[in-house]
Amino acid sequence: MPQTPFTALTAAGVPLDSANVDTDQVIPARFLKYPRSDTSWTFLFHDLRLRPDGSENPDFILSNEPYKSKGRILVADRNFGCGSSRESAVYALQDWGFRAVIAPSFGDIFFNNSFKNGFLPIRLRTEVCNALRQDLHDAPGAEIAIDVEAQTVTGPDGVAHSFELDDFRKYCLTRGLDDIDFTLEQTRKIDAFERDNRPSWLGHNA
Amino acid sequence: MASPRTLFDKIWQNHLVATQEDGTCLIYIDLHLVHEVTSPQAFEGLRAAGRGLRRPDKTLAVADHNVPTINRTGRIENDESRIQIETLEKNVKDFGVPYYGIDDIRQGIVHIIGPEQGLTQPGMTVVCGDSHTATHGAFGGLAFGIGTSEVEHVMATQTLIQRPAKNMRVTVNGKPPLGTTAKDFILAIIGKVGTAGGTGHVIEFAGEAIRDLSMEGRMTVCNMAIEAGARAGMVAPDETTYEYLKGRPHAPKGAAWEAALTYWKTLPSDDGAAYDKEIVLDAAEIIPFVTWGTSPQDALPITGVVPDPASISDEGVRAAVERSIEYMDLKAGQKLTDIKVDIVFVGSCTNGRIEDIRAAAAVAKGRKVADGVRALIVPGSGLVKEPAEQEGLDQILLDAGFEWREPGCSMCLAMNDDKLRPGERSASTSNRNFEGRQGPGGRTHLVSPAMAAAAAITGHLADVRDFLT
């Protein structure tokens, strides 16, 4: 569905130090039974953020101010969002208030799912991510600036870092476009492909 | 002469509908599998936009993640689970999608039933809103998991917007020793390449040890490609593939079979095809594996010990190992065979096929589940359960003290009532040992079905080779 266009954002960052944070950690499977709603934000990092008795775990970064209220950009470690394909991982981050996540690398499916929701995953070098997280620990609430058009991330130290972004993804992101509409404009090509390129014996589940 | 191409290159090029200037491609999808957890919002999106589902005849839906594995005749107790299944039932009716209901013998885990019905075929593109869609690559197709937005995109257009992956080849040469199975291969591979080793790549599994695997074994290997970071795993089709497919309900018949076979034989990677990344293992060196930690890459031979963080120089890795050891309540240097288990789970899209049940039963036969251990066998589908019962495997397992359940995803991800309680420890044939995966606070050790049965009998992680003489 159409998204809010994402062109630029300056907001507080939240450092998340663990590597290989899988989407089961972002949102445990038992919450996938619920439709997305006004309370979906409570599922984010549920079992890391909360103790079994439901109280906040102060050892988890998002339990602490100013990260908890102000954080809009997550800065993670390598292979963030690996594992399950659940798009709810993106929903939960968004519903909490995050708009972007910066990490050295991502799980492929999570990376893809992010763009479909106007949520921006940014790959930066490991050293840059480490330094950003350190800055955010040293100065809680410090801001990071993302410029989508220029493809730069500027850290609290004022240093700008370039990131890669496919033209098509950038086009959709900055305009908030629904890519189903885009593909449906090519229906004639799909019709032709089905007519000319698919052998008649191939997999019909009728 | 055209340059040599990989299996992946060929399938990709055969499915290209359009290519944009920046290299973004529109690829055609031959089979879309749908389950109850990742589809509701996609169907809702179609409704909201007034769009139809383009090709119901290339779509199959089933409820698997939430379904109970006992007492299936009554109403499902858990409201959210029941509503999610009822929602799928309404959606498939509204959009005319073929559906196997909970009382249909063909019902089961989505990645078990596609191959079982002959819907999964070589050279196809197969997608599903589930990361273990990689399973279907065992037939020599391109199969990968997608998110719910992409599920909606496929429903509306029968295509996906994608960029081509890189090629990676993992070769397992030689013959494995006694007791080593497909699950041990893939755990050894993930242990070697790491959980992000395949990111951005499609992994083609090759070599004598892979060729020698049954289709069931190949599916186990491909299933966990995502645990090595790769969206898809694949094995080139061969006689084993064709033998499995022939005569299945949706496999081509007669002249169509011959035409299909001619095409399928063109698919294997050309000699000299280039791979961006290559890994080679020797099957003879792979003994039964288990995981000790909270990532599938935390895999070791069963003869090993829990790693000592003090011996790890990389600060980040050391911290991760320390955290895993604490979560798993283990001690550095502890022998893996000294780790006691509370629950044993045999099932899932990784190891819920007939061959897996047979392997567990072979170890369990004439033995008893250890005191204090609960052991569940959850067949992957009704069409796994039925022949298992005809072979008497259910009785062997019941006599040994195992529970014999109805098909579904069950304890792999704890969306139904089958789950670990906080602090409980399992030996599980599933695919993920993430924190809380099998229930909040639960601890998971990934193993093969034979190793799971050995753990059930001894009450601790055990070397299945002690049972095979």
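Source: prediction; values computed, not measured. In the text below, chain A, chain B and the rest are named by the order of the sequence lines, each starting its count at 1.
In this structure, the portion of B:L16 lying under 4.5 Å from any heavy atom of chain A is its backbone and not its side chain. In this structure, chain A has heavy atoms under 4.5 Å from both the backbone and the side chain of B:R231. Of the two parts of B:A320, neither the backbone nor the side chain holds a non-hydrogen atom closer than 4.5 Å to a non-hydrogen atom of chain A. Interface remark: B:H15 contributes backbone and side-chain atoms alike to the contact with chain A (heavy atom separation under 4.5 Å).
Around atom OH of A:Y171, no more than 12 heavy atoms belonging to other residues, nucleotides or ligands sit under 6.0 Å away. Around the CG atom of B:D314, the shell of radius 6.0 Å holds more than 12 heavy atoms that belong to other residues, nucleotides or ligands. Surrounding CD of A:E164 are at most 12 heavy atoms belonging to other residues, nucleotides or ligands under 6.0 Å away. Around CD of B:E21, the count of heavy atoms belonging to other residues, nucleotides or ligands within 6.0 Å does not exceed 12.
When each of A:S18, A:A19, A:S84, A:A89 is checked for heavy-atom pairs under 4.5 Å with chain B, A:S84 comes out on top. Looking only at heavy-atom pairs under 4.5 Å with chain B, the residue among A:T23, A:N197, A:D179, A:D47 that has the most is A:D179. Interface remark: of the candidates A:N130, A:D181, A:T187, A:D181 forms the most heavy-atom pairs closer than 4.5 Å to chain B. Interface remark: of the candidates A:N20, A:N112, A:D77, A:L48, A:N112 forms the most heavy-atom pairs closer than 4.5 Å to chain B.
The nearest pair of heavy atoms linking A:I109 to B:S131 is CD1-CB, 3.9 Å.
A donor-acceptor contact shorter than 3.5 Å is absent between the side chain of B:E435 and the backbone of A:Q25.
Residues B:D22 and A:K170 fail the side-chain proximity criterion, which asks for heavy atoms closer than 4.5 Å. Side-chain contact between A:D22 and B:R432: absent, with no pair of heavy atoms (C-beta onward) separated by less than 4.5 Å. Side-chain atoms of B:T148 and A:Y91, non-hydrogen and from C-beta on, do get closer than 4.5 Å to each other. Looking at heavy atoms from C-beta onward, A:K189 lies out of side-chain contact with B:L26 at the 4.5 angstrom threshold.
For the side chain to side chain contact (heavy atoms under 4.5 Å, CB included) criterion with A:K33, the lone passing option out of B:R82, B:E80, B:E36 is B:E80. Tested against B:S149, the residues A:I180, A:N117, A:D178 include a single side chain to side chain contact (heavy atoms under 4.5 Å, CB included) partner, A:N117. The salt bridge (Lys or Arg N to Asp or Glu O under 4.0 Å) with B:R163 is formed by just one residue from the set A:D166, A:D108, A:D167; it is A:D166.
Ion pairing between A:R198 and B:D30 holds under the 4.0 Å rule for side-chain N and carboxylate O. A salt bridge links A:E194 to B:R55: one of the charged nitrogens lies within less than 4.0 Å of a carboxylate oxygen.
Interatomic distance, B:T157 OG1 to A:F182 CZ, rounded to the nearest 0.5 Å: 11.5 Å. Rounding to the nearest 0.5 Å places CD of A:Q186 at 7.5 Å from CD1 of B:I161. To the nearest 0.5 Å, atom OH of residue A:Y34 and atom CG of residue B:D79 are 9.0 Å apart.
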